[in-house]
Structures are given as C-alpha cells and as structure tokens.
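Because the structure is a prediction, the values reported are computed rather than measured.
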Amino acid sequence: MEGTNSTGGRDEAVVDVLLAGMVFLDIVFTDMQAPSPGHEVWAGGMGSSPGGIANLATATARLDLSTSLVAAFSDDGYGRWCRDILQRQEGIDLSRSRIFGDWHSPVTVSLAYDGDRAMVTHGHDSPVPLADLLGAAPRARAVIAELQVEPWWLGARDAGALVFADVGWDPTEAWDRRVLDRLDGCHAFTPNEVEAMAYTRTGSPQAALAALADRVPLAVVTMGARGAIAVDQATGEHASVTALDVPAIDPTGAGDVFAAALVAGTLDGWPLADRLRFAALAASLAVQQFGGGLAAPGWGDIADWWSRTTRRADAGSTADEALARDYVFLPELLARHEGRAVRRAEATIAQLADV
C-alpha cells in the first residue's frame with residue numbers, strides 16, 4: 001500500500017513534543033439518556049473532531065508546545081478534514097505523516113450520559129507500522145506514548161527525549177505486570193487509579209503510587225473527580241491535588257489534556273504541585289465542552305478562567321479566593337504566552353472552526 005507525505009519537506013528543528021498513533025474521526029453526542037434496544041434517543045448536543053492520538057496533539061499544541069504528529073491518514077473525506085483541522089487550524093507538524101488512498105479513516109462514536117461515556121468504534125490497523133512512518137526520529141524534548149503499542153519512541157528516547165508513558169484499558173482485565181517492565185528508560189508514568197492498582201496488585205491509589213515511584217522518576221496516579229497524586233523522585237517532591245468542581249458534559253480526551261498540561265509544566269521546570277494544579281485546571285476546562293481534543297483549552301481559555309476567578313474572588317467569593325491562592329503562579333505564565341494564546345475551537349465537521 002503506497003502512501004504520500006501529508007505535507008512537503010521535513011523540518012529537522014527540535015520540537016517540544018513528538019507523538020505517533022492512530023487518528024480517528026470522533027463523533028460525540030451529549031445531553032442524552034442511555035440508549036436501549038429498539039428505541040431512538042435524541043441528543044441535546046453533538047460535535048465532531050479529530051480523535052485518538054489527535055486529542056493529545058491538539059492539547060499540546062494549544063499550550064504553545066511545538067508538536068509533531070506521525071500518523072496514517074486516509075484520503076477519504078474524514079481523513080482530509082482531520083488533516084486540515086490539525087495542520088491548518090492547530091499548527092501541528094504532519095510532515096512525517098502519510099496519506100493512503102485505499103484505506104478508510106477509523107471512526108469512533110462517543111455517547112456521553114450519566115457522567116460517563118460509551119463508545120462504538122470501527123476501523124482497521126494502520127497500513128504500515130508506526131516505526132516505518134517515523135523513520136529516523138526527529139529531535140524532540142518529550143514523547144507521550146502508550147506502553148501497549150509498538151515502542152516507536154525508543155529512538156527519540158535514546159536521543160534525549162523525556163518519555164511520558166501511559167496505558168490504555170486492558171479489555172482482558174489480566175493486567176499483565178510485565179507491561180510495567182516497558183517503563184525502563186521512561187521519565188514519567190500517568191495511569192488512572194484503576195490501572196495503577198491493577199498493574200501493581202495494590203489496594204489503594206497511594207500504595208500503587210509508591211510502587212510505581214520505584215520504576216520512574218515521575219509517577220502520577222489520576223483519580224477522576226478526586227484529583228491526582230504524584231511523586232517526583234528527581235526533586236523529592238510529593239503532591240496531591242483535588243479536581244475542580246465543574247459541570248462536566250463530556251469527559252472525552254480529559255486524560256489527554258491532563259497529560260499535555262503535565263508535560264508543559266515539566267518541560268518548563270515548574271514545582272510538582274503547580275504542575276498537578278495546572279493539569280487539573282486544563283482537564284476541568286476541557287470536560288465543560290464537547291468534542292474531545294478540540295475542547296482542549298489554550299492559554300486564552302486559561303486567561304479567561306483566571307480573569308473570572310479573580311473577579312469573583314474580589315467580589316467576596318471564598319471558593320474563588322481559595323482558587324486564586326492555589327493558582328497564584330498563573331499570571332506570570334499568562335504574561336509569557338501573551339500574543340500567542342489561542343482559544344478552543346468549536347468541534348464540528350460541518351465547517352472549519354475559526355480559532
């Protein structure tokens with residue numbers, strides 16, 4: 001199966017984040033009841049966006065991290081739309097991606113209801129292995145990768161990139177502990193609490209974190225609405241953060257947004273507690289919108305949140321006064337990104353969104 005480059009020549013300059021994986025077309029339905037056989041359910045909201053690894057790529061790009069994505073794209077309508085959104089709208093480098101004419105885009109339909117989601121997916125394996133798409137790894141400061149997939153990131157790691165590893169759900173629920181052996185050489189590991197406890201055979205997120213901290217310099221366990229806990233062995237820091245209390249309408253991609261924000265703070269050398277708070281904030285802003293990666297906040301959205309929070313704090317809101325104290329580090333960061341701050345786009349396949 002032949003493929004062509006998704007863009008022209010390649011820029012060999014150092015990128016902040018290198019990603020590789022499958023791009024899906026995500027179609028998300030929200031504000032709905034759980035469907036049942038034989039019945040039609042109408043949804044109050046609907047959006048579409050590039051999904052899969054594109055969630056991460058969009059999230060890192062929105063945080064002003066130069067991002068290079070390696071993926072196979074179909075030449076069908078869905079594939080062309082996803083490429084255009086990622087490249088033209090989000091400014092993501094696709095020079096190592098390839099276009100295939102006889103392979104159709106994978107599609108996921110996500111149904112958000114009762115505070116969670118259900119998904120239906122159709123697709124086929126990538127026409128070529130990720131390592132073949134990547135070729136010689138470009139210079140990158142960080143890589144975000146799943147442990148279960150082929151280790152395409154080894155070359156980038158050996159060239160000095162920090163590897164932020166994650167795991168997906170194990171449908172067999174065997175939770176083979178040998179998966180953790182693949183953490184050798186990784187900088188960080190960011191599983192959720194169910195995954196962390198299952199792989200470490202422990203009974204609490206805290207015990208799982210302690211076990212994982214022996215394997216990587218930076219161990220993070222996310223706990224959904226209860227926040228996250230982390231240990232940075234390089235600095236000796238321990239930190240925990242509670243999730244922000246927000247009305248969540250779609251959790252699609254929230255974990256990817258959390259990971260992107262954590263990478264941004266780590267590359268910039270922030271204290272561990274600030275990294276966790278920033279990641280929790282970014283994820284909370286994402287779940288209030290629908291559309292997966294396109295709901296990922298940019299620095300403009302974060303500036304808007306900070307402005308609203310400080311106004312309410314000045315008006316006497318004790319909850320916002322506490323938030324203003326917790327996020328007192330934000331104004332300096334916002335000033336550094338002023339002029340390059342973007343805001344999230346509306347996720348819809350009907351028209352290209354205007355950032």
Side-chain angles (χ1 to χ4, degrees), residues 21-56 58 71-82 85 102-127 146 148-149 166-175 191-195 197-198 222-226 243 245-258 283-296 344-353:
M22 187 80 77
V23 173
F24 293 74
L25 171 68
D26 278 358
I27 301 174
V28 182
F29 293 94
T30 64
D31 186 20
M32 58 175 288
Q33 300 295 316
S36 58
H39 291 80
E40 181 180 16
V41 175
W42 280 72
M46 178 225 174
S48 47
S49 67
I53 193 63
N55 287 332
L56 260 176
T58 302
F73 287 91
S74 172
D75 196 32
D76 61 19
Y78 295 158
R80 290 194 299 271
W81 183 76
C82 287
I85 287 286
D102 51 352
W103 177 75
H104 70 76
S105 297
V107 176
T108 291
V109 175
S110 179
L111 310 176
Y113 57 88
D114 296 338
D116 209 332
R117 59 178 173 161
M119 293 179 289
V120 179
T121 296
H122 174 73
H124 300 281
D125 291 340
S126 173
E146 281 199 10
Q148 293 104 318
V149 303
D166 199 358
V167 287
W169 179 261
D170 180 0
T172 70
E173 297 191 42
W175 309 107
N192 64 41
E193 59 183 326
V194 174
E195 297 158 348
M197 289 187 290
T222 60
M223 302 183 296
R226 292 184 292 116
D245 185 13
V246 298
I249 66 170
D250 180 14
T252 306
D256 293 325
V257 171
F258 185 98
S284 75
L285 293 175
V287 300
Q288 295 178 71
Q289 306 291 325
F290 62 83
L294 292 189
R344 65 183 131 219
E346 182 180 354
T348 173
I349 201 169
Q351 62 183 17
L352 293 180

Subject >> CE-CG distance between Met32 and Asp114, expressed to the nearest 0.5 angstrom >> reply: 9.5 Å
Original post:
Which heavy atom in Asp125 sits nearest to a heavy atom in Met22, and how many Å separate them?
Top reply: C-CE, 4.1 Å
**OP:** Specify the closest pair of heavy atoms between Val287 and Ala254, including all atoms of both residues, with the distance to one decimal.
**Re:** CG1-CB, 3.5 Å
Original post:
Can you check whether Ser110's main-chain N or O pairs, donor with acceptor, with Asp26's side chain at less than 3.5 Å?
Top reply: no
Original post:
Looking at Val167 and Pro191, what are the two nearest heavy atoms and their distance?
Top reply: CG2-CB, 4.1 Å
Original post:
If you measure from CD1 on Ile27 to CE on Met119, what distance do you get to the nearest 0.5 Å?
Top reply: 14.0 Å
Subject >> Nearest-0.5 Å distance that lies between atom CH2 in Trp103 and atom OG in Ser126 >> reply: 5.5 Å
**OP:** Provide the closest heavy-atom pair for Gly45 versus Asp31 in the form atom of the first, atom of the second, distance.
**Re:** N-CB, 4.2 Å
Original post:
Can you find a pair of side-chain heavy atoms, one from Asp75 and one from Arg80, that are under 4.5 Å apart?
Top reply: yes
Original post:
At their closest point, which heavy atom of Val257 faces which heavy atom of Ala283, and how far apart are they?
Top reply: CG1-N, 3.8 Å
**OP:** Could you tell me the separation between the CG atom of Leu25 and the CD1 atom of Ile85, rounded to the nearest 0.5 Å?
**Re:** 10.5 Å
**OP:** Please answer whether the main-chain N or O of Ala112 pairs with a side-chain N or O of Thr30 as donor and acceptor at a distance below 3.5 Å.
**Re:** no
Subject >> Listed partners of Trp169 passing ring-ring contact (aromatic ring centres under 6.0 Å, His included), at least two apart >> reply: Trp175
Original post:
How are the rings of His104 and His122 set relative to one another: parallel (under 30°), tilted (30 to 60°) or perpendicular (over 60°)?
Top reply: parallel
Subject >> Distance in Å, Ser49 OG paired with Trp81 CH2, rounded so as to fall on 0.5 Å steps >> reply: 6.0 Å
Subject >> Pro35 versus Leu111, closest heavy-atom pair with distance >> reply: CG-CD1, 4.0 Å
Original post:
Out of Ser105, Pro127, Cys82, which residue meets the side-chain contact (heavy atoms from CB on, under 4.5 Å) rule with Ser74?
Top reply: Ser105
**OP:** Mark yes when over 12 heavy atoms from residues, nucleotides or ligands other than Gln148 sit less than 6.0 Å from its CD; otherwise mark no.
**Re:** yes
Subject >> Main-chain N/O of Thr121 paired to Thr108 side chain as donor or acceptor, under 3.5 Å >> reply: no
Original post:
Between CG of Asp256 and CD1 of Ile53, what distance do you get to the nearest 0.5 Å?
Top reply: 7.0 Å
Original post:
Going by heavy atoms in the side chains, are His124 and Pro106 under 4.5 Å from each other?
Top reply: no
